[in-house]
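Notes follow once the structure below has been shown.
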2 protein chains.
Amino acid sequence: MSPLDVTRSRMDGLGSEAEICINCGSRSVGLCAPLDAAALGDMARATERIRLAPREPLFRQGEPATHVYTLTDGTARLTRVLADGRQAAIGFRFPGDILGFTPGAEHAFGAETLTEATVCRLDRKRLDALFRRYPVLERRFLELCARELAATQDHVLALGRFTAEERCAAFLISLVEAQEKRGHAGPVFRLHATRADIGEFLGLTLETVSRTFSAFRKRGLIRLHGQSGIELTDRDTLAALAAGEGEA
Amino acid sequence: MSPLDVTRSRMDGLGSEAEICINCGSRSVGLCAPLDAAALGDMARATERIRLAPREPLFRQGEPATHVYTLTDGTARLTRVLADGRQAAIGFRFPGDILGFTPGAEHAFGAETLTEATVCRLDRKRLDALFRRYPVLERRFLELCARELAATQDHVLALGRFTAEERCAAFLISLVEAQEKRGHAGPVFRLHATRADIGEFLGLTLETVSRTFSAFRKRGLIRLHGQSGIELTDRDTLAALAAGEGEA
DNA sequence: CGAAGGTTTGAGACTAATCAAATAAAGTGG
DNA sequence: CCACTTTATTTGATTAGTCTCAAACCTTCG
């Protein structure tokens, strides 16, 4: 398990399968697993599908949290901003991930697409009604939140303690692991994030990300395919770097 | 609201009062507010009080999460460690805060006291039984978890984007705000954390923390009283520094 | 093909880490 | 209560790592 896991917060281990809309109520998805057929019907009736263009916001920080989303296709990033305008990416999300759930009234962070994307959204009021009817569902969201908290804490460790090289290596490893969990096992991974996006997530400048990737390439650890394609050619060494074994 | 808030995750705004044991079931505490008298009795009967020495662990990362704790006296810090031994402090906790709740089977981080402390602990099995009986309680823990997540995300921002000076200023502001919320409004705040503890939380070395505090002292922003006493003498300037207005 | 946006690479500046030593505070035993 | 020990803090000098500013080079797309 990589210490810098961009995807730990999805429903892994809860029986999920990528590409299936959780909101739409498929039984094979973790969130819905404990629900009976009637409950699934309730959920499915309340959802709607939305297509989004690249770099289009799903919701912004501070907006009323009117819906919960499931990303069914494409990738998205989550960002948090401060009053003075500085911002950071706090995660990337992939098909199967749930976005925008919060027990509060407003979104604590924003979400925007990186690619063309499809989401399935469920009205918050209906979700609350489902909570009342099926309390076990609330437990699922609590588990999801705790998982996200653990991932964010690891991100704190990474930003506070890792060098640029370690952060980049851990990031690449976590991306490939995320890809594998989703069954997309091709050698080339396409995250449609710019170097600036990645830098915002890793607490680095885009130049440092670029330099570090170039160094990896020259050492034969990765191969770049166009702007957004990345292939890990020496995963073991990258994993060792990510674990702080650069010298040892 | 400071961006680097060590205490956002406590039950502020949910009607809590410091120094009252949540596990013990006082009605004036947020967690228990939605419960009726019978439920409070259920909770109170299931708790036990424990005294701890300074630097004594409450629980360690990876241990089975057998209990949930309320800190009733003293201060504690939370730490997360990586496989390679590197670790970071992920927060400080004060009287009234809840510690060690997780929906998973094991603690995702460790907690240890900084001072002599008293905690009140509730057996996890009994808590689960209470959840079944009073589902509204589970919603409280979800809110708590979401609050903690937001605080941790802000910490990510701070570590990724703030200079040493900004981190130290934000940290001091958040400590004083925490103190005020608890009603301990004296001018001198005592966190019993060493410079090394603070550095572990802020992603800095102990020398950098010391140098930054010294610089604040020379500029008349703070006054130090012994090793652990800190007094903010120019809070506005510190708040401006914390908000990234060092130059502007 | 040209334009726009993204990436790579370089040079220099600056922040914070490291290594090291001196000072101050807290704890201990006489 | 004092001297001694231990632990924590402060300060200094140097180094390493990352940022900033700048320019050239790719990619992608119209």
Quick check on [N]: is either OP1 or OP2 less than 4.0 Å from any side-chain nitrogen or oxygen of [X]?
| X | N | answer |
| --- | --- | --- |
| A:Arg217 | C:dT9 | yes |
| B:Thr205 | C:dA17 | yes |
| A:Thr208 | D:dT18 | no |

d([atom1], [X]; [atom2], [N]) in whole Å:
| X | N | atom1 | atom2 | value |
| --- | --- | --- | --- | --- |
| A:Phe213 | C:dT9 | CZ | P | 13 Å |
| B:Leu204 | C:dT18 | CG | C1' | 14 Å |
| B:Leu206 | C:dA16 | CG | P | 15 Å |
| A:Glu207 | D:dT20 | CD | C1' | 7 Å |
| B:Arg55 | D:dT7 | CZ | P | 13 Å |
| A:Glu200 | D:dC19 | CD | P | 13 Å |
| B:Phe216 | D:dT10 | CZ | C1' | 16 Å |
| A:His192 | D:dT28 | NE2 | P | 11 Å |

For this session: Please confirm whether any donor atom in the side chain of B:Arg211 sits under 3.5 Å from an acceptor in the base of C:dT18, or the reverse.
Result: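 Yes.
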
Problem set entry | Nearest-neighbour nucleotide for the A:Gln227 side chain, D:dT10, C:dT7, C:dT8 considered |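 Closest nucleotide to the A:Gln227 side chain: C:dT7.
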
Exercise. Of the nucleotides D:dT9, C:dT9, D:dC19, which one has an atom closest to the side chain of B:Ser210?
Worked result: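 Given the options D:dT9, C:dT9, D:dC19, the side chain of B:Ser210 is closest to D:dT9.
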
Exercise. Taking the six-membered ring for Trp, are B:Tyr69 and B:His67 parallel (under 30°), tilted (30 to 60°) or perpendicular (over 60°)?
Worked result: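 Ring orientation of B:Tyr69 relative to B:His67: tilted.
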
For this session: Mind telling me whether B:Phe109 and B:Phe59 have parallel, tilted or perpendicular rings, with 30° and 60° as the class edges?
Result: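 B:Phe59 and B:Phe109: tilted rings.
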
For this session: Could you pick out which residue, B:Ser228 or B:Ala164, lies toward the 5' side of DNA chain C when each is mapped onto its nearest nucleotide?
Result: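 Closest to the 5' end, via its nearest nucleotide, is B:Ala164.
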
Exercise. Can a donor-acceptor pair be found between the side chains of B:Thr233 and B:Arg223 at a distance below 3.5 Å?
Worked result: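 No pair is found: no donor N or O on one side chain lies under 3.5 Å from an acceptor on the other.
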
For this session: Apply salt bridge (Lys or Arg N to Asp or Glu O under 4.0 Å) to B:Glu63 and list each qualifying residue two or more places apart in sequence or on a separate chain.
Result: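 Partners of B:Glu63 by the salt bridge (Lys or Arg N to Asp or Glu O under 4.0 Å) criterion, ordered by chain and then number, come out as B:Arg60.
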
Problem set entry | Under the salt bridge (Lys or Arg N to Asp or Glu O under 4.0 Å) test, residues paired with B:Arg195 that sit two or more places apart |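 B:Arg195 satisfies salt bridge (Lys or Arg N to Asp or Glu O under 4.0 Å) with no other residue.
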
For this session: Quick one: label A:Gly203 by what it contacts on the DNA or RNA (base, sugar-phosphate, nothing), any heavy atom closer than 4.0 Å.
Result: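 If one applies the 4.0 Å heavy-atom cut-off, A:Gly203 turns out to touch the sugar-phosphate alone, with no base involved.
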
For this session: Could you tell me whether A:Leu224 contacts a base, only the sugar-phosphate backbone, or nothing, with contacts defined as non-hydrogen atoms closer than 4.0 Å?
Result: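 The residue A:Leu224 makes sugar-phosphate contact but no base contact.
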
Problem set entry | Salt bridge flag under 4.0 Å for residues A:Glu112 and A:Arg93 |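 Judged by the 4.0 Å cut-off on N to carboxylate O distance, A:Glu112 and A:Arg93 do not form a salt bridge.
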
Problem set entry | Salt bridge flag under 4.0 Å for residues B:Arg49 and B:Asp73 |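 Salt bridge flag = no for B:Asp73 with B:Arg49.
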
Exercise. Pairs counted as Watson-Crick or G-U wobble with both distances under 3.5 Å: what dot-bracket string results for DNA chain C, using | for bases tied to another strand?
Worked result: ||||||||||||||||||||||||||||||

